[in-house]
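Counting starts at 1 for both ligands and their atoms, in listed order.
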Amino acid sequence: MCGIVGIITSEKRNLVPEIISSLKNLEYRGYDSTGIAIINTGEIRRVHRLGAPSDVFVPQQISEELGVTSDGLSVAIGHNRWATHGKPSEENAHPHFDCTDTLAIVHNGTILNHELLRKELIALGHTFSSTTDTEVIPHLIEQKIKEGSSVKDAFLDTAACLDGSFGLALISSNEPDRLLLAKHGSPLLFGVLKDTLIAASSSNAILAYTNTFITLADGEYADLSIGSGNVSYKIGTIQDRENLITKETTTITDHSREDMSMGEYESFMKKEIHEQPSVFRTTILGRYDETTGDAVLGGLIDYEDMLRHARQVITVACGTAHNAALVGGILIETLANLPVRNEIASEFRYKKVPISPEEAILFAVSQSGETADTLESVKEARRKGYTTFGIVNVVGSAIAEAVDAGVYARAGFEIGVASTKAFIAQLAIFYLLAIKLARERGMTPQEGQSILNELNKIPNLMIKTLETTESEIKRLAENYASKGIRTINFLGRGIHVPICIEASLKFKELTYLETGSYPLGELKHGPIAIIDNNALSIIIMPHDDLFALNKNSLEQVLSKGGNVIVVTDELGAQNLVLQDIEVIIIPTLKNQLLYPALEILPLQLFAYHYARALGNNVDKPRNLAKSVTVE
Ligand code: M6R
């Protein structure tokens, strides 16, 4: 949610194209409005617009608007917004200024005490030009400078007054060779080059320039400056600013750069759907031992005893990550005979969970590692004495740092706002985790080996599934989209129910149509009322133990005149009367618990092609943001 960038360089040049290109790489974090501020010939200048940088910023035109001359620039900041306080508009787009137009700030996060601060600042004579929470920040800094503080102290004293979350970058025309950063709760790092320091909310924004970064921790600030023709930086904490900190740089591998490019694909989402076989393979790589039939999760190694003796598992997550956890819950209960409670993070934090922290282990699942609801749940759980583990994709993210230990998801950067490859990586980890917990609770080595053996084949079967289903699923999606079908339900039983929920979420996010997902047996208890020849039911029913029961329910849907697509396996297709139904066929598996990893693929593609047929933006669906950092 919102992305910031800032550049400071001792080699003066036009920084506008670099800021715009970095902002484009951050669009997945927010794309309703955008802005840039620079210091040019001693004064702060800004452009801000409604829309995403890709749509509204042409580097040459913006450089001209900002009056960038051949002398070049030393410092610039930029922002992509996902509105939380104040509607998307030009006035509300960052950077925000103080009353004297000498300070410009970009902010990622939410200021909870902004109303009180705004009231106090207005009483002191400050005039506001936006309805954002952010605008209190430059005015508060201005106020502190007026009262005698230096720019740096005013900035840090202001940061200390803020309740909520922030990643901040500040420039001041009175100190044109300085870029100040501060972080609490929102991610912030900066890349280190010989003559340039470049800050951003995420490393992928600036990978084109450097893959060596310093990541700020909560409560830290960085003072980036130019002196004697060189750039340098100092890092400290907001509370103890005189004691400087030495931090290690992190280097990101080249693989991450590939994630930032669409390659031959028409969208990031399409690319990420097709990356799933390799993501699954990478996520399980080196994390199991076929000779012992056990999973080897290095991140949990110090907690073996706790895993062995736990009497309950709790998962906390949101959206797609929660849906992966629902699959994980069924896997753990079935294989390890260990009860699982799947909690939606936004609910967990505020509810009483009658499980003693000594008996339970808690897994927080998150792609971004930034989701406020999940992060706060982890903090609350720790306060209550739970040991917390993470299944997180982004290395070093807030949730990864907040948990006691964890397992990284290895999906790489996921750019498409609708999550696909992160889901598959989370599933892969849950398979391994379930095996691990099961092996500690009576699963034999042979049983473990048998699942691992088939798990190992999943990536190739995923490739086959994508290859054999895509053209048919595209045809069906385009056909139903053109028919104007508006009631779409995803139905299944057992381990397929969470896949129905995920397929429905994906479909909703991309098509903006209302969809439902139900356990198939529930159909007759109400939802069947909406089935007629304008409704489409997508039934997931591979040839498993419940196949006969599912066939019955399928008949019920057909008898009401509904349209039906069945997702089944080769064996299932042979056992169905294919009249009046469309069929998508996935490979047959020995272990029924592994079907989710295959069956989700055509359903992601269905949502994708349906949305494209409706003309929707699949990478940036309306109203959504990739990391939801507000509660
Ligand atoms: O980054 P997280 O996995 O914590 O995000 C959780 C949800 O916000 C996320 O999965 C959301 O539901 C996606 N838009 C799903 O496609």
Flag for Gln367-Gln426: side-chain donor and acceptor within less than 3.5 Å: no

- prompt: How are the rings of Phe507 and Phe606 set relative to one another: parallel (under 30°), tilted (30 to 60°) or perpendicular (over 60°)?
  reply: parallel

task: Determine, for Glu27 against Lys24, whether the closest basic-nitrogen to carboxylate-oxygen distance falls under 4.0 angstrom.
output: no

query: Do you know which of Thr388, Leu375, Leu362, Ile391 makes side chain to side chain contact (heavy atoms under 4.5 Å, CB included) with Val403?
result: Thr388

task: Mark yes when over 12 heavy atoms from residues, nucleotides or ligands other than Lys87 sit less than 6.0 Å from its NZ; otherwise mark no.
output: no

Check ligand 1 for close polar pairs with the protein: N or O on both sides, less than 3.5 Å.
unit_1: ligand 1; atom_1: 1 (O); unit_2: Ser368; atom_2: N; d: 2.8
unit_1: ligand 1; atom_1: 1 (O); unit_2: Ser368; atom_2: OG; d: 2.6
unit_1: ligand 1; atom_1: 1 (O); unit_2: Thr371; atom_2: OG1; d: 3.3
unit_1: ligand 1; atom_1: 3 (O); unit_2: Gln367; atom_2: N; d: 2.6
unit_1: ligand 1; atom_1: 4 (O); unit_2: Ser366; atom_2: OG; d: 2.6
unit_1: ligand 1; atom_1: 4 (O); unit_2: Thr371; atom_2: OG1; d: 2.4
unit_1: ligand 1; atom_1: 5 (O); unit_2: Thr371; atom_2: OG1; d: 3.4
unit_1: ligand 1; atom_1: 10 (O); unit_2: Thr320; atom_2: N; d: 3.0
unit_1: ligand 1; atom_1: 12 (O); unit_2: Thr320; atom_2: N; d: 3.4
unit_1: ligand 1; atom_1: 14 (N); unit_2: Val417; atom_2: O; d: 3.4
unit_1: ligand 1; atom_1: 14 (N); unit_2: Glu509; atom_2: OE2; d: 2.5
unit_1: ligand 1; atom_1: 16 (O); unit_2: Thr320; atom_2: OG1; d: 3.4
unit_1: ligand 1; atom_1: 16 (O); unit_2: Ser419; atom_2: N; d: 2.8
unit_1: ligand 1; atom_1: 16 (O); unit_2: Lys506; atom_2: NZ; d: 2.9
unit_1: ligand 1; atom_1: 16 (O); unit_2: Glu509; atom_2: OE1; d: 2.7
unit_1: ligand 1; atom_1: 16 (O); unit_2: Glu509; atom_2: OE2; d: 3.0

message: Could you check whether Arg49 makes a cation-pi contact with Phe57, meaning its NZ or CZ is under 6.0 Å from the centre of the six-membered ring and within 45° of the ring axis?
response: no

